[in-house]
Peer 1: 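If you scroll down you'll find the structure; I have some questions about it.
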There are 8 protein chains.
Amino acid sequence: MPADAASFEDLGFAKVDHGREARRGFPEVIFCQNKTAEQIKAIALSIMKNGSVLLATRLPREIYDELKPDLGKAEYCPISRTLTHVPPKKRKKPVGRIAVVSAGTSDMSVAEEAARTAEVFGNRVTRIYDAGVAGIHRLLHHRQSLSSARVVIVVAGMEGALPSVVAGLVKAPVIAVPTSVGYGASFGGVAALLAMLNSCASGVTVVNIDNGFGAGYAASMMNRM
Amino acid sequence: MPADAASFEDLGFAKVDHGREARRGFPEVIFCQNKTAEQIKAIALSIMKNGSVLLATRLPREIYDELKPDLGKAEYCPISRTLTHVPPKKRKKPVGRIAVVSAGTSDMSVAEEAARTAEVFGNRVTRIYDAGVAGIHRLLHHRQSLSSARVVIVVAGMEGALPSVVAGLVKAPVIAVPTSVGYGASFGGVAALLAMLNSCASGVTVVNIDNGFGAGYAASMMNRM
Amino acid sequence: MPADAASFEDLGFAKVDHGREARRGFPEVIFCQNKTAEQIKAIALSIMKNGSVLLATRLPREIYDELKPDLGKAEYCPISRTLTHVPPKKRKKPVGRIAVVSAGTSDMSVAEEAARTAEVFGNRVTRIYDAGVAGIHRLLHHRQSLSSARVVIVVAGMEGALPSVVAGLVKAPVIAVPTSVGYGASFGGVAALLAMLNSCASGVTVVNIDNGFGAGYAASMMNRM
Amino acid sequence: MPADAASFEDLGFAKVDHGREARRGFPEVIFCQNKTAEQIKAIALSIMKNGSVLLATRLPREIYDELKPDLGKAEYCPISRTLTHVPPKKRKKPVGRIAVVSAGTSDMSVAEEAARTAEVFGNRVTRIYDAGVAGIHRLLHHRQSLSSARVVIVVAGMEGALPSVVAGLVKAPVIAVPTSVGYGASFGGVAALLAMLNSCASGVTVVNIDNGFGAGYAASMMNRM
Amino acid sequence: MPADAASFEDLGFAKVDHGREARRGFPEVIFCQNKTAEQIKAIALSIMKNGSVLLATRLPREIYDELKPDLGKAEYCPISRTLTHVPPKKRKKPVGRIAVVSAGTSDMSVAEEAARTAEVFGNRVTRIYDAGVAGIHRLLHHRQSLSSARVVIVVAGMEGALPSVVAGLVKAPVIAVPTSVGYGASFGGVAALLAMLNSCASGVTVVNIDNGFGAGYAASMMNRM
Amino acid sequence: MPADAASFEDLGFAKVDHGREARRGFPEVIFCQNKTAEQIKAIALSIMKNGSVLLATRLPREIYDELKPDLGKAEYCPISRTLTHVPPKKRKKPVGRIAVVSAGTSDMSVAEEAARTAEVFGNRVTRIYDAGVAGIHRLLHHRQSLSSARVVIVVAGMEGALPSVVAGLVKAPVIAVPTSVGYGASFGGVAALLAMLNSCASGVTVVNIDNGFGAGYAASMMNRM
Amino acid sequence: MPADAASFEDLGFAKVDHGREARRGFPEVIFCQNKTAEQIKAIALSIMKNGSVLLATRLPREIYDELKPDLGKAEYCPISRTLTHVPPKKRKKPVGRIAVVSAGTSDMSVAEEAARTAEVFGNRVTRIYDAGVAGIHRLLHHRQSLSSARVVIVVAGMEGALPSVVAGLVKAPVIAVPTSVGYGASFGGVAALLAMLNSCASGVTVVNIDNGFGAGYAASMMNRM
Amino acid sequence: MPADAASFEDLGFAKVDHGREARRGFPEVIFCQNKTAEQIKAIALSIMKNGSVLLATRLPREIYDELKPDLGKAEYCPISRTLTHVPPKKRKKPVGRIAVVSAGTSDMSVAEEAARTAEVFGNRVTRIYDAGVAGIHRLLHHRQSLSSARVVIVVAGMEGALPSVVAGLVKAPVIAVPTSVGYGASFGGVAALLAMLNSCASGVTVVNIDNGFGAGYAASMMNRM
C-alpha cells in the first residue's frame, strides 16, 4: 500500500487548474458541496494569490464562518451561499444585461446564485423576483425590462411554468433553472425539470435542478458573444 | 370446467347498471377502449332502450362505422371520438357555464371529450381552444369569458403550465387535464401531470392523463351544486 | 454587486398580495415550509393588520412557539400544524357542508389541514376520521352523513382506495388527497396518488400528496358556487 | 462455430421437465409468449403423451388455430387464452373452494386465466366478476360466497383497490393480481400493483401484473394444504 | 372551529377494533411507526385488558423504554422491534410449521418480525437465517427442513434471488419479503421487490418491502387452513 | 351541442400566428407530428403566401409525398425529415458560425434537424458528424473548427458524454441534444438526457430528447445577439 | 444549405474505422439496428475486403435475405441474428474457455449473440442453456464445466438471479447480461438489470439489457489477458 | 417463542465462512454498513486469527475509533473507509497492474476503496485521480500509463462519461464504477450508472453505484487469470 496516501492532497487533490481561463474563457470555480473547510480554503487562497476571480458556490454559512479569518477580503452572500472576490485589476465596466426572473422566496437562493455568478464574470444583472405565473399581471408589469435583456435566466420550482411564459414575451435566449422547491409529486425538482424540457416556447434551454451557477455561467458565455 | 364460459356475456358481462343514475346522479357511461363492437352495441342499445342519456367515449371511427347502422340516432364526433344521444325527454335548458380551455391542435381531442361530456349532462359549455402560455396575450384576450364561468376545465400537454396561469385569473374551481401530447421527456403526459399536481395556483384539482371525460363529469357535478 | 442584497426582504420578498382576495375570492395564505420565523411573523402581522383572514400552513410547533408572543390572537392546531385567525367582521354563518373523510391516525394531520382550511374560509365541515376500506362497515355507517355533503374530501395514504369507494356512494364531487403515509413501495405517497388518478369512480379529482390545504381551498370554491 | 447450432432444439430447448410434478407437486406449464407454434406443439404433445395435465397460457387464437388439428383433444378458452387438457386418470373430485373476484370486462381475461389454472389443478372455483369498488353494494351482495372460500384471488386494474376491500371481509388468504387495464397514469398496471403492495388489509400477497396463472397456481398450493 | 379538536383522541383515534378477531380471525395489531409512546400505550393496554393477543410492530427501543413500566408483562424483541404478549388462555399448542429463510445479518430484523408474528398467532416456526444464494450449499443443507414446512417465508434484500431458488425446492407456497437492505441501485428494496414479482418459480407471492409482519400474518392464515 | 364542431378548423385550428416574427424574432414553425397532410398543407401554404420562411419538422416521407404536388418549391430533406423554404427576399448572407457535432449514423437525423433549422434562420453551419467519445482522436482532429464556432450544438444518444468533452475544448456556449438512440437502459434517451444535465463542464444547457429543432432555434437566438 | 447533403454517405457516414483493431485489439463491429440493408452491405464488404473479421449484430432475417446474394461467404445465425465471417488467415486455434449460461428458450437469442461474439474473436465457448434457478439441480449438474471456465457469461431475464448463484460456484469473473424477457413488472429487463447490479456475490459485473455482444466482447478481452 | 433469540449471534449471525477462499479464490470480506462495532470486531478477529487477509469496507471513522484498541495491527484508511490487514505469510510480490482512474475530490473515496481492495488481494495498482472528461488533455497525459494496465477501473459520478473515453484508449477490459456524486438530476448516481451501461465503447462492464469494492474484487479476478 502506498505510504503516501495519508491525505486527499497526497492523492492529487487541490491542484487548481489555473490554465482554464485561457482555455475556456472563465477561471476555475469552487463547488463547495462535499469539500471540507480546509480544502476550500486551500483552493480559494491559491486562486486569489493567482490574481483570478474567486467564485465559490454552495458554501454553508457554518463553513464560511470558519473561513472568514483567512478570506476576509471575499464577500459572502448568505442567500445564495456564494463567496466571491474580484481583484481590482479584473474589475471592469459590466457589459450587456442579463435578467434573472423568479417567483418567490423559496427560489431566491438559486436565483441569487445565478445572478452573482453572472455579476462576478462581468455582466450587468437585473433581478425580477416577484413574478409567479399564478399572478401573471406581476410578470407583465416587467415586460419592458425583460424585452431589453440580452439573455434571460428563469428560475422556478413546483410546476416550472415560468420559462414558457417568459420565453413567449422576449426575443432573447431563455435559460431555465428548475429548483427543488415543492413537495410531494414535485419529486425534488423533477416536475419543474420535465416541464422546462417540454416547454412549448422555442428557444428555451435547461440546466440541472438548483444549478443557478450553471445558468449564470452559460448566460455569461452568451452575453459575451 | 364450467360449460357456460363460452362468451364474455356468460361470465357476467354487459349487465348495465341502470340504477346508477339514482345513486350517483348520472347514468352509466361506456368506456369503449378494450371493448368489441358487439359489446359496445349491446350496452348502447340497452341504455337507449331504457331512455337514458348515452355517452360512449374512446370509440374509434372504424368501430363506429360498424355500429352506425344500428345506432343511427346517436351522434358521433370524430375529434373527441365520442358517441352521444340525449333522448327528447331528457333534453332541458343547459345550466351554468363551463369553460374548456386548451392550447392547440393536439390537445383538442381531449378538450372536446370534456366539452361533450359536460354538454350531454346538461351544461352550457364555452370552448377556448387557442390559448397557449407561450402567447399569453391570446389567453388574456379571453379573460372576461373565463371569469364568468362557474367551472373551468384546462387541457394541456407538454409542460402543462396552462392551468396555473388560468387559475390565477379566475374565482372558479379549475380542473386540470394533462394530455399525452409531447415527445421525449414528456413521458406520455407525465411531465404535464406533475406540473399540474404542483401548480402554485390554489384551487386546481387534477384528473388522469387524457381523461377529458373525467374532467367533464366532475365539472358537471360541481356546476349542478 | 448590489449593495442592497443583504436580506431576503431587500430582494423583494414579503410583499403581501393584498389584492388577491378581490381577484381570486380568497386572501393570500402563508405556506410556512422553508420560511423563517421572522418571515412568517412579518407576513402574518401584515395580513392581520389588513383585517384579512389568516391561514398559515405547515407551521412546525417549534416555530410557532417563537411566534406565540406576537401572534397570540391566532389559534395554533398542532395536529394540522396550522395557524388561523378570522377577524370578527369576517366571521359569518358557515354555509353548505363539506365532509372530510380519512382512515386513521396517520392521515389525520393532512385531513385536519383540509378541514381547517375549509372552516377558516367559512364552510361547515363534518369530520369522518375512522373509515378505512379494510373495514368497509365503518364507512357504510357514515353513509347518510356522506350523502348530504355538498363536497367530499377524502384523505388516504397507503393504497389510496378510499376515494373510489366513497365516490361510489355519493352524488357530490370528491376531492382525493393522497398522503405520504406508508413505507416501502408506497414511495412517499406515489402509490396512493396513482391509485386516486386511476379511480374507477367518475367525479374524482386529485391534488398533490399531503396537500390538505389545496383540497380544502378547492372545496371552498366549489361549495361557494 | 458449432455445426449443430442450426435450431433452438439443437441448443437444448424443448426438454420437458417431467420430473417437476414429483418435486414441486404440479407438472410443467407452457408459457406461450415468445414461443413459436412449432415449439408449443412439441412441448404440448410431449406432456400429453406423458399422461400429465396440460396447461398452456398466453396462447393467441391465431396460433391456436395452427395447433388445433394436432391438439384437438385439448380445450381452448379464447377469453383467458389458455389451452387445457386433463387426462381421464388425472380427473378427480375438485377440493376446497377458491373464489376469483374481479370488477369488469377488461380484467376478465386475467381472472379467467387464474380460474382455469386453479380448475385444471383440481380445485373448485367460484367466479365473482361484477364487483367493482365504486359500486360496493355489488361486492357486499357476494359476501357469503366470499366468506366460505378457502382462498380468494382478487383481480383488479386501474386503482387496484378491490383486494383491500375484499380482504377486510374474509378470513381466507387473499392473492391480489394487478392488471394492465387502465391508461395514462396507470402505467401498464403499476398503479394497481403499488396499491396492492400497500394494502392496509393484512393477509394480502401479490403477484406480477397480469399474472393470473401465478395466482391460480399459488392458490392451488394453498388450497391443497 | 370545533372546540373538541384539541387532541388526536378527540378526533376519533385510539378506538381499538375489538371486533376484528371475529370478522377476520386475528385481533388488531399495532403498527407503531408514526405513533407516540402515549398512543401506543393506550392501545396496548386496551388490547391486553380485553384479553387479546398483543402484537406491536416497528417499535423503536427508545419508545419501548418509555413503555416498559406500564407494559412489563409483554416481551420486547430488539431485533425485530416487536412487543408481544399472549395471555395464558390464548396459549395453545402451535400447529403446522412455517419456515422463515433469510440470508444474513441485515435481513434478520425483517425475518424476525415475520417469525414472531407467526409465533404469536399460534404457529410453529423454523428459522433458517444463513442461506444466501451466493453460497447455495448452505441453502441445500436445509433442504429437508424446507421440504417439510407447510408455508415458507423467504426474506431477502439486494438482488432478491432467494425466493426463486427456495420455491424450486419445495411444494409449499412461498411468501417473498423484499427488504430495503442494499445500496445504490437497490433503491431501498425496489430491486429485490421487482426480482420477486418476476420470479421464474411458480407459487411465489410477494408482500411490501420490509413487511415481515404481513408475511407472517398471511402465512398464519394459510397454515390455519 | 355546437353544430359547427364538424372539423378541427371549425374549432379554431390552423390560425397561423403571423405576428410571431415581430414578437419573438422568428416566424411560426410547423411541428408535423400528430398533424394530417391536409393540416400541414394548409399551414405551409399560408406561411409561404405570407412571404415568411417555411420550416416544417418531423415530416414523414409518406406525408411529404402527398404534399409534393402543392409544395414543390420547398425542399424536403429525408434525413432530418424537414421541409424548408426561404423566399428570395428573406435570403441574406449567413452570419456567425454554428457547429453541429454528433457521433454517428443514428444521431444524424436529429443533428441535421438542428443544422437545417439554424441554416433556414440565416446562420452559417459547420457539420462534424463523425466524432464519438470512444475515439477521442477524431474529435480532437476537429478542435480548431470547434474553437472558432460562436455556438456549438452537440447531439448524442447512448451515454450522452460528447457535450462534456466538447464543452471542455471551447469557449462558446454548448447546447446539448440527447437522442433516443440506444436500447435497454437508454430508456429512449433518458440516459443521455441525465448525463447532459449532469455535465461536469460548465456552460452546457440542454433541450428535450430528439429536439434538434429546439437546439437550432436557441443557437440562432444566441448567434444573432 | 449544403448541396452535398443528399445522402447519409455524403454526411460522413460509412467510414469504416480500419485502425480500430490496432488501437483496441478488435476490429470494428456492425450494429445493424437502425441501419438500412444498403448501409450494412457497404460496411460489411469494406470489412471483408480489408481481410478483417466480420461481425454484424441485430441483423433481422428479412434484411439478411436482401444481403445474402452479396455476402454469401458470411454465416447467418437466425437465433442470435448475427452475421459472421472469419477470413482463413485470421482463423487460429481458439484459446481459453468462456462459458455462456442461460435458463431457457427466451434468453437464448442474447446468449447466442454473446457466444458467437466470443467465438468469432478466437475463444473456445461452452454453452449451458438449460440452467434456471428454479431448478437448481440442473445448474449444479454443470458445476465442473463452470469451474473450469476462465470467464463466465450469465444471461438471464425475469428476476435475473442466475448470476448470483453461478458466481457463488466459480473463481472466474462473471459477466451478467440482463435480458428483456418477462412481462409486467419486469419493465423490459429493468428488474433483471437491478438484480444483477445488486448481486450479493462479489466479482459480478454487468452490461446493458440484451447486450450479448458487449458481454462476449468484454469476455474476449479478459480471456486474452 | 424461542428462549434463545436474545441476540443476533444466537440467531446464527457471525459465522465466518472460512471455506470461501478455497471455493471462490478470495477470503470473506466484511461489509460494515448496518453492522455494530461489536459485530465487526468479532468477525475481524476471527478472520485475523484464522490467518486470512482482512478487508473491511464502509467502516466509519467513529466506529473504527472504537475498534482501534483491539485491531491495532490493521490499517485504517479514512478516505476509502477501509480497514485492511495482510498477514506476513500472505504477503507476496504484487502481480500485473490495475489502473484506477477518477476525476476529482468527490469520487476519490470510491476510487480508493477499489484501489485498496485490489492491493490487499495482491495486485499492483496505479492511481490516476485527476482526469475529468471536461479537461481531456489531463486524461491523454496518462495515456501510456493507461495502455500498459491489464485491467482499468474507471470511477465517475455526475454524467459518468469517463469510462467511454478511457475504453476508447485501451485494449484492457474496463470496469466502470458510477458514484453517487452529483445533485439534482443525478439521482444519487443513477445518471452515471445509466451512462455507463449505455457506453458506446465496447468492453465496458459496470458495477453498482459506489461499489468500489466490487470493482476492485472483479479486477483482481481478471488480473489473476
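Letters A, B, ... are given to chains in the order of the sequence lines, protein chains preceding strands, and every chain is numbered from 1.
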Peer 1: Output the residues of residues 178-186 of chain E for which the shortest heavy-atom distance to chain G is under 4.5 Å, in residue-number order; output 'none' if no such residue exists.
Peer 2: E/Tyr183, E/Ala185, E/Ser186

Peer 1: Within the side chain of G/Tyr64, is there an N or O that forms a donor-acceptor pair under 3.5 Å with the backbone of G/Pro78?
Peer 2: no

Peer 1: Between E/Glu112 and E/Arg127 (salt bridge meaning N to carboxylate O under 4.0 Å), is one present in this structure?
Peer 2: yes

Peer 1: Just to verify, what does G/His142 make a side chain to side chain donor-acceptor pair (under 3.5 Å) with, not counting sequence neighbours?
Peer 2: G/Asp130

Peer 1: Below 4.5 Å from any heavy atom of chain G, which atoms of E/Leu162 appear? Answer side chain, backbone, both or neither.
Peer 2: neither

Peer 1: For G/Ala161, does its backbone N or O pair with a side-chain atom of E/Glu159 as donor and acceptor, under 3.5 Å?
Peer 2: no

Peer 1: Checking the side chain of G/Ser80 only, and the main-chain atoms of G/Ser109 only, is there a donor and an acceptor separated by less than 3.5 Å?
Peer 2: no

Peer 1: Measuring heavy-atom distances to chain E, does G/Leu139 have an atom under 4.5 Å in its side chain, in its backbone, in both, or in neither?
Peer 2: neither

Peer 1: Sequence neighbours excluded, which residues qualify as side-chain contact (heavy atoms from CB on, under 4.5 Å) partners of E/Ala218?
Peer 2: D/Thr205, E/Ile175, E/Met222

Peer 1: Donor-acceptor pairs under 3.5 Å, side chain of residues 93-104 of chain E to any protein atom, not counting sequence neighbours: which ones?
Peer 2:
| from | atom 1 | to | atom 2 | distance (Å) |
| --- | --- | --- | --- | --- |
| E/Arg97 | NH1 | E/Thr126 | OG1 | 2.5 |
| E/Arg97 | NH2 | E/Ser145 | O | 2.7 |
| E/Arg97 | NH2 | E/Ser148 | OG | 2.4 |

